[in-house]
Every structure is written in structure tokens, then in C-alpha cells.
Amino acid sequence: NLQNEEKLNLTNTDFSVQSFKGGFDNNFSYIITCMRTGEEIIIDAAIELENIKPFFKSSPSAIFVTHTHRDHIAYIDTYINNFPEINIVGHPKSKNNFDNNRFIPVSDGSTMEIGNLKIKSIFTPGHYFDSICYLVENVLFTGDTLFVGRTGRTISNGSDINDLYDSVYNKLFKLPGDTYIYPGHDYGPVQKITLKKNIEMSPLLQSTDEDDFVRRMDDYEKSR
């Protein structure tokens, strides 16, 4: 179901973010629309197309994949069948999951232009080896790397807790505190939050160093 829509009036471009919740585990998919050109993209094909399709104003040009855990790419074939020209954007290590003719790999720190939007890719391995966050102005789509109230977990194959610490503390937490995070699941008391407020509200995001982070995550897993 459509959860919210907001127009972000920024210095260089205007864009809207539409949030949709559903999928396998309160997943989020997002439609980002460049308000100047009308071009649209999707963040994660985690929601059934029938629930999101009425809200497209045009044919989306790309799906940006935050990582290839099944719930985040569950409906990607349906999207491709309905939008034959759509491209898939993601980590180079994700390419074997997709048709190479439509897959566009991005590099860490690179910027892709969609309409008037500039979308920066930030590699954030840890929750999964091919995790990427996407930054549009002061809006960060974090997938399962960072949720409201905590980070993603590191209990599955392809996860690494030390990589996650580096991704969160040495990359994401270096962004301005007023950066809004839009996560891959609705796991917190609110659906989006600034980095600053997220850190303030969560002991799991207040580790003093890597060892402390590992300890806090271990305690969290034991008490789930």
C-alpha cells in the first residue's frame, strides 16, 4: 500500500519519493520521480507490481537494487516483463542474478544521472556482500544496511559484521546528520528518520569502536 508521498524542494532539482510497503516482510519499494523531466526509477522490486503500477506517471527507466537477498528482487521479472526497456542498476557482483544486456554495474562513489537527478552509489557490504546505498541529495536509500533504530543483521552467508561496522560507521555516519534514511523494511517506530536522530535513539548505533559494535550486535541477537 502507498504509505506516503513527499516533494523535496532542493537546490538543483525537484523530486518526489513515493513509499510502498508490502512484500515478504514489511519491505519497502520506492518510486523516485524527477519532477522536472518526469523520469522515474524504482528502488528495489520488493512489492508486487499491481500495487505500485497505478502510481507510475511514465515507464520507469531503471530499478536500483540495494542488494540481492530474495525479498528485495522478488518481483523483478514481472517488472521487466511489463517494462521491456527497463535497466537494472546494482553492484558488479550482482550481475549473475540478471540479464547482462540490461544490467548496469556501478562503482563505489560513482554518480548516475537520471533526468536531472544525480544518484550516488555507496558500497556498504556487511549485511550482504553486494549491499549498496543510494544517495539523492539528502535522501539515502539504505536497503538492509541501516534501519530505523538499528543496522541490518549479519547472520546469513555473504554477511560480515566487520564489513558492516566499516560501512555504517566509516561511510554512512560520515554523511551530514540531516540526511534522511529510507530503509528497506518497516522495522522501526517511524518509516524514515535523519541519521542524527537515528543515532540518538538507538544504543545499537552508539558503539565506541568495532569491538563494542560486535558486542552490542551479539547481545542484540541473543535477546531477539
Side-chain angles (χ1 to χ4, degrees), residues 3-21 26-33 35 41 43-44 64 66-67 72 108-111 117-128 131-154 159-221 223-224:
Q3 295 295 307
N4 66 314
E5 179 176 2
E6 55 193 303
K7 184 177 180 181
L8 304 174
N9 295 311
L10 303 169
T11 303
N12 297 320
T13 186
D14 296 335
F15 65 97
S16 70
V17 178
Q18 296 178 81
S19 305
F20 301 84
K21 187 173 77 171
N26 290 324
N27 287 76
F28 282 125
S29 286
Y30 301 99
I31 299 175
I32 307 175
T33 305
M35 303 301 286
I41 66 166
I43 305 289
D44 282 346
F64 282 65
T66 63
H67 65 298
H72 290 264
D108 186 24
S110 65
T111 299
L117 302 180
K118 294 182 179 180
I119 304 170
K120 182 178 181 180
S121 299
I122 304 173
F123 286 8
T124 53
H127 172 72
Y128 207 41
S131 292
I132 301 182
C133 295
Y134 298 103
L135 182 66
V136 185
E137 297 292 346
N138 71 326
V139 174
L140 183 70
F141 299 92
T142 56
D144 287 2
T145 296
L146 184 62
F147 298 125
V148 175
R150 65 177 176 89
T151 68
R153 301 170 73 191
T154 56
S159 299
D160 186 288
I161 194 166
N162 302 107
D163 285 345
L164 183 62
Y165 174 82
D166 183 62
S167 293
V168 172
Y169 280 80
N170 296 327
K171 287 189 173 184
L172 300 189
F173 285 0
K174 300 300 183 183
L175 296 172
D178 62 355
T179 302
Y180 271 91
I181 70 164
Y182 282 65
H185 294 267
D186 187 13
Y187 286 163
V190 295
Q191 294 183 351
K192 64 181 184 298
I193 195 169
T194 64
L195 280 174
K196 182 176 185 293
K197 289 182 179 179
N198 206 22
I199 294 168
E200 290 173 350
M201 71 175 281
S202 174
L204 284 172
L205 303 178
Q206 298 172 13
S207 302
T208 56
D209 55 28
E210 187 171 336
D211 290 339
D212 186 36
F213 176 71
V214 172
R215 179 187 60 78
R216 292 184 191 222
M217 289 290 284
D218 185 55
D219 290 344
Y220 167 75
E221 290 295 343
S223 62
R224 274 180 63 86

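All residue numbers in this chain count up from 1 along the given sequence.
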Nearest-0.5 Å distance that lies between atom [atom1] in [X] and atom [atom2] in [Y]:
X	Y	atom1	atom2	result
Y128	D163	OH	CG	14.0 Å
T142	I43	OG1	CD1	10.5 Å
Q191	D186	CD	CG	4.5 Å
L172	T145	CG	OG1	6.5 Å

Is any side-chain heavy atom of [X] less than 4.5 Å from a side-chain heavy atom of [Y]?
X	Y	value
E210	N162	yes
M35	S16	yes
I193	M201	yes
Y134	T66	yes
F141	I181	no

Exam field: side chain [X] to backbone [Y], donor-acceptor pair closer than 3.5 Å:
X	Y	result
T194	K197	yes
S131	H127	no
N198	F147	yes
S202	G149	yes

**OP:** Apply side-chain hydrogen bond (donor to acceptor under 3.5 Å, both in side chains) to the pair T124 and S167, showing each step before the final yes or no.
**Re:** CA-CA 5 Å; T124 53; S167 293; 5.1 Å; no

**OP:** Please determine which of L164, N170, D166 meets the side chain to side chain contact (heavy atoms under 4.5 Å, CB included) test together with V168.
**Re:** L164

**OP:** Might you work through the side chain to side chain contact (heavy atoms under 4.5 Å, CB included) test for Q206 and I199, ending with a clear yes or no?
**Re:** CA-CA 6 Å; Q206 298 172 13; I199 294 168; 4.3 Å; yes

Proximity of [X] and [Y] rings by center, below 6.0 Å:
X	Y	answer
F20	Y30	no
Y182	F28	no
F213	Y165	yes

Original post:
What is the minimum heavy-atom distance between V148 and P183, and which atoms define it?
Top reply: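 Looking at all heavy atoms of both residues, the closest pair is CG2-CG, 4.3 Å.
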
**OP:** Provide the closest heavy-atom pair for S159 versus T154 in the form atom of the first, atom of the second, distance.
**Re:** CB-CA, 3.6 Å

Original post:
salt bridge (Lys or Arg N to Asp or Glu O under 4.0 Å): which pairs involve residues 142-153, sequence neighbours left out?
Top reply: R153-E221

Original post:
Passes side chain to side chain contact (heavy atoms under 4.5 Å, CB included), K174 versus Y169? Steps please.
Top reply: CA-CA 7 Å; K174 300 300 183 183; Y169 280 80; over 6 Å; no

Original post:
Partners of T179 by side-chain contact (heavy atoms from CB on, under 4.5 Å), sequence neighbours excluded?
Top reply: L135, L140, L175, P176, L195

Original post:
Can you name the residues that form a side-chain contact (heavy atoms from CB on, under 4.5 Å) with D212, not counting sequence neighbours?
Top reply: S207, T208, D209, R215, R216

Original post:
Would you say F173 has more than 12 foreign heavy atoms packed within less than 6.0 Å of its CZ?
Top reply: yes

Original post:
Are H72 and D44 linked by a side-chain donor-acceptor pair shorter than 3.5 Å?
Top reply: yes

Original post:
After noting the C-alpha distance and the side-chain angles of T151 and L205, does the key distance pass the side chain to side chain contact (heavy atoms under 4.5 Å, CB included) rule?
Top reply: CA-CA 7 Å; T151 68; L205 303 178; 3.7 Å; yes

Original post:
Salt bridge between K171 and D108, side-chain N to carboxylate O under 4.0 Å?
Top reply: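 Counted as a salt bridge, because a side-chain N and a carboxylate O are separated by less than 4.0 Å.
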
Subject >> Worked verdict on Y220 versus L204 for side chain to side chain contact (heavy atoms under 4.5 Å, CB included) >> reply: CA-CA 8 Å; Y220 167 75; L204 284 172; 3.7 Å; yes

